[in-house]
Amino acid sequence: MSHQYKIITIVGARPHFIKVASLINALDPDRWQHLLVHSGQHYDVNLSDRFFKEFRLPPVSYNLEIGSQSTNRQIADCILKFDQVLEKERPDVVLVIGDTNTTAAAAIATKKRHITLGHIEAGLREFDRSIPEEINKLLIDAVSDLYFVPTLTGMKNLAAEGKKTNVYLTGDIALDLLTNVWAYPDITTLRSQFDLKGDYALMTCHRQVNTEHLEHLVQIIDAAAALPCPVIFPVHPRTRKALEKVDLSNRQENIQWVDPLGFWETQQLIRHARMVLTDSGGIIKEAYFHKVPSIIIDRQTEWLEVVDEGWSVITGPDKAKILEAFHTFKIPQQHRMSLGDGKAGKMIVQILETYLDAKRS
Ligand code: UD1
């Protein structure tokens, strides 16, 4: 009879929910006792609760309710509260995902308790320490025991930092669920809901570099307003706050401002869009997966494979560049599935079992 291990995964912000769903699907309940912790970093229904239903996630065992605070308070609060969970539950392993404040806090608390730590989405770098997520990436990878890396670029980044043991190329776990074609809503219904007859673009924008500099936001909105098709724009709460300071009266005819969408609605709208404009790493990858071109309205991306193959163009928040990219884009000939084959969850669980079995024996 093989040993049963206790695993804690922690989620907190929108991109975590899909990734943890893929992981949970891969955990055999005979071998794993799984506890799901929610930090409470995202608390809006549209950014959190709805995904529990969409991905049929189990109920959370603990909600740390850290909410919105300054970055350092958010991290500090999460460390203190997650530490109490670790003290009580004493898991064999903690798995953290991505690069959010929740992820960084949980990684620090876990290693201070000398518990095995695995990082999903390890090795990614944007090489700009003014980005809050970049600091988180560096902190988490500095203390992790197991690195689950989505891309070859990530492997190279870790090798360059001298991290060579327990580094595994798994592909991107966010893609695991995208192959569930049955889950996509009917596109005809979506088209009539958003009154879309022909071509349209989908836009998202929430990275701090764009929301904290109103001139960037204005360039992006002006570019969207000048596109020759409707633009669906699901607005993140952080962006909605920033937009309250901008006069939008002449800038909205073709833009549909909507609340953040559900995951499957978003996927279906990406699949049928002519082009996606985004500063979200998740949406860049999803557009690539669906073979839809994207314009990156950020200055860089960690998903270099997508840019190298020609599926994404980096323009930054620059109206002229965005419009040029939109009008001159040529669909690339090649699509190498360089973000993985949608089986990352299973692979990660197998690696964890082997690692923990070896540690016990
Ligand atoms: C966070 C992650 C980012 C991820 C994004 C997905 C960090 C540093 N950033 O960014 O990597 O791509 O989630 O959405 O962890 N707010 C609400 N309701 C909520 C959550 C946030 O109104 O449910 C508002 C608050 O005013 C808050 C602001 O949005 O201050 C920013 O929230 P925060 O969680 O700090 O960062 P995100 O921009 O969501």
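Note that ligands are numbered from 1 as they come in the structure, with each ligand's atoms numbered from 1 the same way.
Of the possible donor and acceptor atoms, one in the side chain of Asn210 sits under 3.5 Å from a partner among the backbone N and O of Ile297.
Taking the centre of each ring, Phe17 and Phe52 come in below the 6.0 Å mark. Centroid-to-centroid, the aromatic rings of Phe51 and Phe263 stay 6.0 Å apart or farther. Between Tyr288 and His335, the distance from one ring center to the other falls under 6.0 angstrom.
For the residues Arg14, Gln208, Arg238, the heavy atom positioned nearest atom 37 (P) of ligand 1 is part of Arg238.
Cation-pi geometry between Arg271 and Tyr184 is met: the NZ or CZ atom falls under 6.0 Å from the ring centre, inside 45° of the normal.
Using modelled atom types, one finds no donor on one side chain facing an acceptor on the other under 3.5 Å when comparing His3 with Asp357.
The protein non-hydrogen atom at the shortest distance from atom 9 (N) of ligand 1 is Glu133 OE2, 3.0 Å. Distance from atom 27 (C) of ligand 1 to its nearest protein heavy atom, with residue and atom name: Ser68 OG, 3.3 Å. Among all non-hydrogen protein atoms, the one lying nearest atom 17 (C) of ligand 1 is Tyr43 OH, 3.2 Å. For atom 6 (C) of ligand 1, the closest heavy atom belonging to the protein is Pro15 CD, 3.5 Å. When hydrogens are left out, the protein atom nearest atom 8 (C) of ligand 1 is Asn101 OD1, 3.4 Å; that is the closest non-hydrogen contact. With hydrogens left out, the protein atom closest to atom 4 (C) of ligand 1 is His206 NE2, 3.8 Å, a heavy atom. In this structure, atom 20 (C) of ligand 1 lies nearest to the protein heavy atom His42 CD2, 3.3 Å. Nearest protein heavy-atom contact of atom 33 (P) of ligand 1 is Gln41 NE2, 3.8 Å.
At a 3.5 angstrom cut-off on N or O pairs, Thr100 does not count as close to ligand 1. Ligand 1 has no nitrogen or oxygen under 3.5 angstrom from a nitrogen or oxygen of Thr102.
In summary, Asp77 and Lys81 engage in a salt bridge, as defined by a charged side-chain N under 4.0 Å from a carboxylate O.
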